[in-house]
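Only one structure is covered here, and it is reproduced in the block below.
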Number of protein chains: 2
Amino acid sequence: MKMDERKQRILQALILDYIATGDPVGSRTIAKKYKLGVSSATIRNEMADLEEMGLIEQPHTSAGRIPSQFGYRYYVDCLMEKKPLSEQVKKYIQDILSDKISEMEALIQLSSKLLSQLTNYTSLVMVPSLGKNKLTHIQLLPLDNNKVVLVVVLDNGHVEHRSLELPFPIRDEDVYYISQILNNNLQGLSIEKCKSGLLKTLYNELAQQKHFLNEIMEIIETALVAKDDHKVYLGGMLNMLEQPEFKDVDKVKDLLELLEEEKVLKDVLAGAGQETGIKVKIGSENPYEEMKNCSLITATYELDGKVIGTLGVLGPTRMEYSKAVSIVEFLTYALTEGLRKL
Amino acid sequence: MKMDERKQRILQALILDYIATGDPVGSRTIAKKYKLGVSSATIRNEMADLEEMGLIEQPHTSAGRIPSQFGYRYYVDCLMEKKPLSEQVKKYIQDILSDKISEMEALIQLSSKLLSQLTNYTSLVMVPSLGKNKLTHIQLLPLDNNKVVLVVVLDNGHVEHRSLELPFPIRDEDVYYISQILNNNLQGLSIEKCKSGLLKTLYNELAQQKHFLNEIMEIIETALVAKDDHKVYLGGMLNMLEQPEFKDVDKVKDLLELLEEEKVLKDVLAGAGQETGIKVKIGSENPYEEMKNCSLITATYELDGKVIGTLGVLGPTRMEYSKAVSIVEFLTYALTEGLRKL
DNA sequence: GTTAGCACTCACCTCCTTTGAGTGCTAAGT
DNA sequence: ACTTAGCACTCAAAGGAGGTGAGTGCTAAC
């Protein structure tokens with residue numbers, strides 16, 4: 001069966017109406033609301049064809065049609081017209097993102113919040129792995145008899161700290177001394193490189209000084225390795241509750257519980273891949289059963305021309321794709337700009 | 001009307017049954033399940049009295065009775081028998097809380113998680129204000145031409161860091177120099193004291209060196225002041241969805257949205273006061289309209305014999321008070337112990 | 001003071017009917 | 001050959017009627 005223009009127009013009208021109202025759409029509604037110049041009977045015939053092609057379906061015999069997952073797919077790929085954002089909204093985004101933010105992570109977190117606010121869906125933003133970043137500073141500060149604080153500063157402005165408990169007391173001077181050696185040797189290297197054996201070399205240099213450095217090095221190594229990981233921000237999770245398709249607590253509970261697990265979020269975003277450009281995953285294209293009634297729109301943001309993270313919105317399959325895509329698109333742009341300026 | 005022992009026994013039976021089943025409890029059920037040695041008719045008479053006294057109420061004419069807010073109050077104050085925790089659970093709590101945690105905040109956060117897991121309700125934990133803690137270290141690290149990282153280490157193991165953007169470039173040596181001066185002057189002082197003019201004194205000392213210190217000091221002051229605040233952890237928010245009384249999305253949405261606001265959480269916990277001991281707020285005793293179907297059980301935890309924070313569980317008014325109270329009680333004890341050892 | 005007995009209430013369930021939106025098919029119109 | 005009007009048909013949803021049962025309050029007897 002061939003997909004002529006009239007079928008396309010009918011499919012588009014049906015999807016737009018369904019997205020707007022949430023009710024199954026009948027032939028009469030389409031004939032009346034969207035002037036296609038044909039009667040409802042004709043539209044009925046065409047709809048029968050569209051159903052045969054798998055693009056729309058009937059929830060039950062005497063109801064109108066709703067788009068199938070493939071219908072949404074076709075719409076997103078071929079029919080959707082991007083709805084340009086108003087200058088006002090663009091300005092709003094840019095104003096907020098350029099408002100004196102000096103830490104990369106704060107900027108990214110803000111983007112997540114903005115994304116969920118603007119779309120009224122749930123936002124996911126993956127913060128880049130720190131593995132490739134270079135150390136600007138590594139510093140140990142004495143805290144107590146046998147406690148020190150390890151502070152790691154990366155060249156992207158990211159700061160991590162961790163308290164370490166040593167199994168033996170240590171003098172303040174020694175802490176400063178070790179700190180200095182660490183700094184001299186590790187400054188400018190990436191975390192990845194620090195991990196790969198370099199710490200051992202360093203150990204040799206310091207071993208001449210103190211016999212218990214071995215243990216300190218181990219702890220530092222663990223701390224560094226543990227920090228070399230992605231992080232995901234989730235925003236507007238409760239927006240899901242606004243959606244009529246999730247008005248039943250039992251239905252939405254599993255989804256919300258799923259979203260509370262960080263590993264899942266990483267999976268979901270990682271599934272979108274690293275290629276640049278906007279991607280849309282519809283219904284069961286997503287990796288989790290609980291998300292079969294959801295769609296995910298993602299894009300990647302960059303720093304120095306390289307993809308460093310992914311961001312996206314998660315909503316019901318019946319989501320406002322055109323609006324959401326525009327927002328994701330512009331926010332990605334604004335975030336990339338923001339990062340560049342940093 | 002006087003509250004004789006039989007009335008008490010009936011009220012207790014009714015509340016226990018209602019908490020267990022969630023259904024209104026009739027006279028026959030009480031007569032059968034809880035052997036009080038009297039017939040259902042007698043119980044009916046007593047229940048009429050209890051209703052007159054405002055302790056129980058009927059959802060509608062031909063239904064059983066449910067406890068009123070005052071009924072719960074009376075139960076919690078006079079009738080409730082604390083259910084001792086099994087040694088197993090106690091050990092579980094203590095094991096988890098003593099598992100190599102060296103940062104106060106991590107310990108507190110873990111307590112929150114534990115609390116929601118064990119009770120299946122929502123947990124709130126307020127982290128103490130940092131104002132009274134002493135500075136162990138204050139350190140500036142150069143990051144970039146005109147960016148520095150401020151790291152503040154407190155004597156309780158808490159570490160805060162913040163990136164500062166200076167409106168002018170600064171040399172690494174100067175950063176270290178300032179850092180040293182700050183350290184020498186502020187070490188051992190509480191944040192409160194740092195704020196109160198001391199920074200200005202310090203400014204005089206440094207002003208002889210560099211003219212732009214003024215601005216640095218301002219930034220540091222802002223950073224310190226902003227950090228002197230309470231923080232609240234929320235755990236198991238979605239547990240609310242498990243409760244049959246919140247099976248309607250519209251009912252639970254407002255509550256969940258309320259709980260997402262940190263200010264609200266602070267209010268709610270602050271409302272419980274600072275006196276030591278377990279407190280129970282039932283239904284509309286809570287400060288927010290959205291919580292009129294919830295009860296909150298709180299307790300305070302201590303360090304060095306002084307109250308430093310509050311922790312609690314929030315559940316439906318029909319919550320398992322005896323179990324929840326026991327868990328809150330023991331967890332408070334375990335957390336206080338854990339903090340002491342730190 | 002307690003209890004058995006009884007009339008009464010009312011939410012809830014089930015069954016039935018009505019309603020209306022929507023369909024598919026057919027035959028007539030262009 | 002496509003389009004359309006007309007019609008019979010389907011089925012979810014809404015509304016109503018009747019039955020059920022848990023529970024109550026009252027009264028009279030123990």
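Proteins get letters first, then strands, A, B, ... in listed order; numbering begins at 1 in each.
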Please pick, from [options], the nucleotide with the shortest atom-to-atom distance to any side-chain atom of [X].
X	options	result
T42(A)	dT3(D), dA11(C), dA5(D)	dT3(D)
A48(A)	dT24(D), dG24(C), dA4(C)	dG24(C)
R44(B)	dT24(D), dG24(C), dC10(C)	dT24(D)

| So, Q243(A) and Y121(A): side-chain donor and acceptor under 3.5 Å apart, yes or no? | no
Select base, sugar-phosphate, or nothing to describe what [X] touches, counting heavy atoms under 4.0 Å on all strands.
X	result
T61(A)	sugar-phosphate
A63(B)	sugar-phosphate
R28(A)	nothing
S27(A)	sugar-phosphate

Euclidean distance, atom [atom1] of residue [X] to atom [atom2] of [N] [Å, nearest integer]:
X	N	atom1	atom2	answer
R65(B)	dT9(C)	CZ	C1'	13 Å
K33(A)	dG22(C)	NZ	P	11 Å
R6(A)	dT4(D)	CZ	C1'	12 Å
N45(A)	dG6(D)	CG	C1'	14 Å

| message | Looking at dT3(D), I'd like to know if its phosphate oxygens (OP1 or OP2) sit under 4.0 Å from a side-chain N or O belonging to S39(A). | response | no
| query | Between R318(A) (side chain) and I19(A) (backbone), is there a donor-acceptor pair under 3.5 Å? | reply | yes
| request: Output yes when a side-chain donor or acceptor of Y72(B) lies under 3.5 Å from a complementary backbone atom of M319(B), and no otherwise. | output: no
| With a 3.5 Å cut-off and just heavy-atom distances, do the side chain of S62(A) and the base of dC11(D) make a donor-acceptor pair? | yes
